[in-house]
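Heads up: the structure comes next, in structure tokens.
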Amino acid sequence: MAGTIFFSDDKSWAGSSSEFNLALDALITLVLDSRSKMQLVEISEENIGMLDIEGLPERGRAEVLRYLADGRHWEAAKKMIIGGEEWVDAREKPMKELSALAVSELKASEE
């Protein structure tokens with residue numbers, strides 16, 4: 001099973017279920033917008049495996065994009081990993097790819 005994060009303009013990031021859940025759990029710890037946090041928690045608890053960033057309330061969408069783009073999701077996620085350094089190393093590339101997509105999304109929204 002895998003998980004996907006959808007951005008606008010047909011951009012998406014797909015990761016393994018553990019990568020998706022790690023990113024989602026990290027975002028849950030970071031997002032302050034209560035409505036967005038509730039949506040993220042529901043996606044996690046219901047094992048939905050999909051996050052449509054455009055479907056979040058505006059404030060939460062901005063937060064999620066900012067946290068993904070600046071890598072805070074990865075910093076938060078690393079604190080959750082208990083599998084050792086090799087597990088961290090294996091998750092770094094997909095998390096950086098997720099950040100790159102968010103950066104691209106933010107740049108596109110500024111144009």
Side-chain angles (χ1 to χ4, degrees):
M1 180 132 189
T4 305
I5 297 177
F6 294 96
F7 297 86
S8 65
D9 298 331
D10 298 327
K11 292 179 197 163
S12 64
W13 173 86
S16 69
S17 58
S18 63
E19 292 162 351
F20 174 81
N21 289 330
L22 186 61
L24 187 63
D25 289 344
L27 289 171
I28 290 168
T29 68
L30 296 169
V31 170
L32 300 176
D33 179 66
S34 60
R35 286 182 28 216
S36 298
K37 186 182 285 265
M38 284 184 349
Q39 282 182 255
L40 297 174
V41 168
E42 181 181 2
I43 291 167
S44 177
E45 289 177 352
E46 299 296 324
N47 249 348
I48 294 172
M50 251 181 1
L51 168 59
D52 178 6
I53 292 176
E54 291 296 305
L56 294 172
E58 187 175 332
R59 181 174 171 212
R61 180 172 54 246
E63 280 187 87
V64 166
L65 285 173
R66 188 173 59 248
Y67 298 146
L68 292 175
D70 69 15
R72 274 186 270 182
H73 74 292
W74 179 225
E75 293 306 313
K78 284 192 280 189
K79 295 174 185 173
M80 298 176 191
I81 296 173
I82 57 172
E85 196 61 36
E86 64 281 348
W87 212 89
V88 171
D89 292 344
R91 299 302 181 265
E92 186 169 17
K93 183 180 177 189
M95 293 300 160
K96 286 188 176 187
E97 290 169 351
L98 179 54
S99 288
L101 277 170
V103 167
S104 171
E105 184 74 11
L106 283 174
K107 284 181 182 179
S109 70
E110 293 172 358
E111 296 174 350

- salt bridge (charged side-chain N to carboxylate O under 4.0 Å, His left out) involving Glu19 - partner list, sequence neighbours excluded: none

- Task: Could you tell me which non-hydrogen atom of Val31 sits nearest to which non-hydrogen atom of Lys37, and how far apart they are?
- Result: O-CE, 2.8 Å

- Message: Is there a path of hydrophobic side-chain contacts, each under 4.5 Å between heavy atoms of I/L/V/M/F/W/Y residues, joining Val64 to Leu30?
- Response: yes

- Path from Phe7 to Leu106 over hydrophobic side-chain contacts below 4.5 Å: yes

- Item | Lys96, NZ atom: more than 12 neighbouring heavy atoms under 6.0 Å | no

- Should we count CE of Met50 as having more than 12 external heavy atoms under 6.0 Å? no

- Query: Are there more than 12 heavy atoms of other residues, nucleotides or ligands under 6.0 Å from atom CZ of Arg66?
  - Reply: yes

- Message: Tell me every residue that passes side-chain contact (heavy atoms from CB on, under 4.5 Å) with Glu75, counting only those two or more places apart in sequence or in another chain.
- Response: Lys78

- Query: Hey, does Glu63 have a side-chain heavy atom less than 4.5 Å from the side chain of Ser36?
  - Reply: no

- Ignoring hydrogens and geometry, is there a side-chain-to-backbone donor-acceptor pair from Glu54 to Phe6 under 3.5 Å? no

- Query: Hey, quick one: are Met38 and Ile48 part of the same hydrophobic cluster, counting side-chain heavy atoms closer than 4.5 Å, chains of contacts allowed?
  - Reply: no

- Query: Do the side chain of Trp74 and the main chain of Ala26 share a donor and acceptor less than 3.5 angstrom apart?
  - Reply: no

